[in-house]
Number of protein chains: 2
Amino acid sequence: MDNEQLHKLRHSAEHVMHQALKELFPQVHLAMGPATDEGFYNDFDPQSLKITEADFPKIEKRMQELIDLNLPITRIEVSETEARDLFKDNPYKLEWIDEFSQKGERLTVYWTGKPGEKNSMVDLCAGPHLNSTKEIGAFKLLSIAGAYWHGDEKNKMLTRIYGTAFTTKEELEKYLQDIENAKLYDHRKIGKELGLFVFSDLAGKGLPMLGPKGAAIKRELERFTVDEEIKRGYHHVSTPDLAKVDLYKTSGHYPYYKDTMYPVMKVDEEELILRPMTCPHHFMFFKSEHHSYRDLPCRIGEIAHQYRYEKSGELSGLVRLRMFCLADAHIIAAKDQAKQVIKEVLELIDFANEKFGMVKGTDYRFRLSLGDRKDTKKYYKDDAAWDYAEDILRQVLKELDAPYFEAKNEAAFYGPKIDIQVQKPGGKEETAFTVQYDFVMPTRFELTFTNKEGKEEQPIVIHRSSIGCLERTMAFLIEKFKGAFPVWLSPVQVRIIPITDKQLDYAKTIETTLKENNIRVEVDDKSETMQNKIRNAEAEHIPYMLILGGREAEAKTISLRARGEKNLGVMPTDEFLALIKADIAKKRQI
Amino acid sequence: MDNEQLHKLRHSAEHVMHQALKELFPQVHLAMGPATDEGFYNDFDPQSLKITEADFPKIEKRMQELIDLNLPITRIEVSETEARDLFKDNPYKLEWIDEFSQKGERLTVYWTGKPGEKNSMVDLCAGPHLNSTKEIGAFKLLSIAGAYWHGDEKNKMLTRIYGTAFTTKEELEKYLQDIENAKLYDHRKIGKELGLFVFSDLAGKGLPMLGPKGAAIKRELERFTVDEEIKRGYHHVSTPDLAKVDLYKTSGHYPYYKDTMYPVMKVDEEELILRPMTCPHHFMFFKSEHHSYRDLPCRIGEIAHQYRYEKSGELSGLVRLRMFCLADAHIIAAKDQAKQVIKEVLELIDFANEKFGMVKGTDYRFRLSLGDRKDTKKYYKDDAAWDYAEDILRQVLKELDAPYFEAKNEAAFYGPKIDIQVQKPGGKEETAFTVQYDFVMPTRFELTFTNKEGKEEQPIVIHRSSIGCLERTMAFLIEKFKGAFPVWLSPVQVRIIPITDKQLDYAKTIETTLKENNIRVEVDDKSETMQNKIRNAEAEHIPYMLILGGREAEAKTISLRARGEKNLGVMPTDEFLALIKADIAKKRQI
């Protein structure tokens, strides 16, 4: 089933919910109700009523009856007067009518059932819809929440019911199962269970505190990225979190970003602001020296703290934060190098994803996000530059034989981009990293280089993130591995389990050896049975357990166990050390 | 000569300068003039005159004459009326008289020369002074600057002349030479020459931008510290730069630190602030679980961005910044573990300093910074706790046979501390790192653990920095090594120098091999002679140069040269790789 058809189905399911609600609770005022990528929802003013999830069975029962009645759904154009008459009791609909009329838009209503007869309902709606209710294959109401009218907290708080619908019962069930799985492997849940991070209302919302285990993962991601990028010719810099607000005014970012920037801080005679991006700092480095074509492409990278003003309601685990660390870079290149540079970036992303155990085409794919030549408000006006840049990106994707799809109206204001779309365990797809082609900033910042002919030429800029926001990537990886990370990312790589206290000294000497080799190791010296200690290590998904009994202590060996009940036999410590070092160097999943 | 005597000498030299100025420029009003650790200075109101460094020879000549006259210096107590009469023409002195009189302080004046006779001068001054001008061995005027009356920018801008004085000419000359050396090796100068960092007025004052070379040093310092601390049992965490201002109100830090904190930012319904320290976040981690005596000492470390509101005038290179990265930690320990914990910290500091090539007793020493039982405003009142803590710190220093001295009235408000005082190339001593004993925060944060007897007990906290603020330590190291860093810290570790373009391909293969091993390497492919390429590498203090001619390319060898014109002969690449890896692992200076 294509997306358009599914959208119609869900919108019609929403109308059926509307009808059921109105029949069961006549005093409620339905305000609005769209279909979404996940299903549908409906905002209504319950007036004095209190409707809760406990009412769902009743509503669902009536919805099913309305579907079984196979009611026709009909579109009718109406005049403003007719519309006002139809919805005279509903202040929300009257407000919509005001708005549409002022804009001179045509008014349409959709009738479910025969107009005015029994089991019928009318809604002001632009559609489109199915032809009859019977075509709604399967539906379910999911949750209830509050939502401000028009999303504005100054307005009245309405009630919102979320639901979803599919063509078949099987599809619905798969979706519900996916949601359950997503909950089970939600990074917030696993993160808490494994003690990776905590949030605190006293410390501030959207500001995670990574404990030693979470910080170990972040550190590995950071070092991996920096080292790999340096190998690939990036210059890694370190620029400040704060800058004068004038920097962003000069760069031209301020008007576009000011709504998501933090308030300005007056310090002495300066006005400082937390940075939302690194572009201006990186461009200043480039401009601090004169460049010839031999210096290009110039790749300036940084693991940078960045700050975005997010509303509380939009914060979500490690995915949407008020500050984060971005694996950021800006590549300044001659126009004729653009293709090669973008190829290199996609190769780096493939390389990193492979180390994360992500399979191209299955775990992630590419989205070519295009502009809209007609929308000159959202996109910088330069048709030729857009055509050229979009074509370059398309060519790269084709030449790399990359799995991709095109999406209109998803570009940045300064040019088109390639988004790396990651498949989440719950079945959802999210943009993880992005590679952007920018033909606007080089003009704004007056970036130039001397070309082979000795003339000053304007370069282009590629904004890119190799592994994205570290916290967000951590969230992906937690869900992907369900907490059982490959050795290099495991917060604790080895748990040493002495069977009795007599092996404690021996355990400590092995701990020291491993620590000297920068292995993250712990000794379980609790007064518990070996079985319990193994069970705990398994629950924490620790990759390796070294079991030490009297025999091992005497022979200076270890008994090795890998997570998932894998007994790997007895060996000298050196042999184990070589094994785990290879796991780490190769970033192997065990 | 002891400090007190030198202080008298300098103060008397300042009086002689005062007298010379007044004789040469009768209309100036001398406002104030103290001796300092570095010499002396004098603030005066030049009225309509413009006095510049060009006047120094004239002033110095007259000063020398006054010294040669061997004028007596005499202290006399005076009444308020007598004082007002003596200084009736000088509004600044009259203001001092007002202030001292209001406080009921005794007024004293010092006469140079016989009172009222030729070549005499009187100043309102508490002393002490030398007995006669002849005892001033050698002096020099150094510089001239503006200074606000009482240091307040709302007041009039006065003129300040800096000078210094010593017992002997030799001491003076050594001091002047030290200043010249300090200028020569000033980290700001070397940093600019080697392209380590830049400052920009557009980006903001006190906010350095580390280029790839400066960032490489910072990264090495960070990784070294984190890895070494983890080996030593620290738990490294990652907490946010921003927190709710309530966190610092709850912790009790806010009133003590609010003057050096940035303004509060209102974000959605929260009030956020940039953090000036990590203590509250680290204590929250400790409190997030229950602890037994077996968990102590609990060492929580972090390389943390921290933010301090510094006035523009107080900013200085990488030493005094508006944001910085601190190698911070808090160790929560039972009271009876304090001694051992502090010992371990000092051992870590010794270890790190040794890797930086710093010799204990020569390059750095310890200062035991004590409180003042009478000053209950500056220090938390608990005499017994102060006595205990100061004694513990003293015992540790003695047991480690550490070179140390004691300094009164230098403690933190929550307890005494050990400061690590580093000798700078210019001869100055500065506090680099600090280890603080805190018996106040555990109460404020209600930190507890279950002791061996099963009872709740209050721990103590050690606040410590192992290698201090990374930027500041970089400044020390730049000056110490004069830009010629040990291999592990060198921004570029190897420069490959192909003699002609024919060896360029071979150079690239060696570059790839070295990069694969995380060596920071560059190929000099410029069209220059080998001699020039070597000269450039020497000027940049690059530790190793690999010279590649036809013979080397054919035999797959390299001709190795170390900086400082050291020819190390021809060898296979592998041999060089092993050599440089050992340098890095051992953190050797070559």
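It should be emphasised that the depicted structure is a prediction, and the values quoted were computed from it without experimental measurement. Letters go in sequence order (proteins before strands), and every chain restarts at 1.
In plain terms, the two heavy atoms of B:Lys244 and A:Leu202 that are nearest each other are CB-O, 3.4 Å. Residue B:Lys266 comes nearest to A:Pro263 through the heavy atom pair O-CG, 3.5 Å, listed as atom of the first residue, atom of the second, then distance. Between B:Val198 and A:Phe285 the shortest heavy-atom distance is CG2-CE2, 4.1 Å.
When B:Leu242, B:Thr239, B:Val226 are compared by the number of non-hydrogen pairs under 4.5 Å with chain A, B:Leu242 comes out ahead. Residue with the most contacts toward chain B among A:Asp246, A:Asp241, A:Val521, A:Val264: A:Asp241 (heavy-atom pairs, distance under 4.5 Å). In terms of heavy-atom pairs under 4.5 angstrom with chain B, the leader among A:Pro280, A:Gly211, A:Ala243 is A:Gly211. Counting heavy-atom pairs under 4.5 Å between each of A:Ala215, A:Cys325, A:Gly214, A:Ser288 and chain B puts A:Ala215 at the top. For the set A:Ala216, A:Gly195, A:Gly204, A:Ala203, the count of heavy-atom pairs under 4.5 angstrom toward chain B peaks at A:Ala203. Per-residue counts of heavy-atom pairs under 4.5 Å with chain B were compared for A:Glu310, A:Arg322, A:Lys311; the largest is that of A:Arg322.
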Please determine whether side chain to side chain contact (heavy atoms under 4.5 Å, CB included) holds for the pair A:Met323 and B:Leu272, giving the CA-CA distance in whole Å, both sets of side-chain angles, and the decisive distance to 0.1 Å. CA-CA 12 Å; A:Met323 70 162 280; B:Leu272 299 179; over 6 Å; no
Before you tell me yes or no, could you show the steps for A:Leu207 and B:Glu270 under side chain to side chain contact (heavy atoms under 4.5 Å, CB included), namely the whole-Å CA-CA distance, both residues' side-chain angles and the distance that decides it to 0.1 Å? CA-CA 12 Å; A:Leu207 297 168; B:Glu270 298 192 338; 5.6 Å; no
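No part of A:Arg232 comes within reach of chain B, as not one of its non-hydrogen atoms sits under 4.5 angstrom from that chain. Both the backbone and the side chain of A:Met265 come within less than 4.5 Å of a heavy atom of chain B. Of the atoms belonging to A:Ser312, heavy atoms from both backbone and side chain fall under 4.5 Å from chain B. At a 4.5 Å heavy-atom cutoff, the contact between A:Pro208 and chain B is made by backbone atoms alone. Contact annotation for A:Leu274: only side-chain heavy atoms (C-beta onward) come within less than 4.5 Å of a heavy atom of chain B. In this structure, the portion of A:Tyr307 lying under 4.5 Å from any heavy atom of chain B is its side chain and not its backbone.
Evaluation of the side-chain hydrogen bond (donor to acceptor under 3.5 Å, both in side chains) rule for A:Ser238 yields B:Lys218 as partners, not counting sequence neighbours. With sequence neighbours excluded, no residue satisfies side-chain hydrogen bond (donor to acceptor under 3.5 Å, both in side chains) with A:Asp525.
The structure places CE of B:Met284 at 4.0 Å from CE of A:Met209, a figure rounded to the nearest 0.5 Å. A distance of 11.0 Å separates CD of A:Glu516 from CG of B:Asp227, quoted to the nearest 0.5 Å.
Within the structure, every pair that satisfies the side-chain hydrogen bond (donor to acceptor under 3.5 Å, both in side chains) test and touches residues 195-217 of chain A, not counting sequence neighbours, is listed here: A:Lys205-B:Glu269.
In this structure, the side chains of B:Lys231 and A:Thr512 stay at 4.5 Å or more apart for every pair of heavy atoms. In this structure, the side chains of B:Arg219 and A:Ile230 come closer than 4.5 Å at one or more pairs of heavy atoms.
Contact residues of residues 290-306 of chain B toward chain A are B:Arg294, B:His305 (heavy-atom distance under 4.5 Å).
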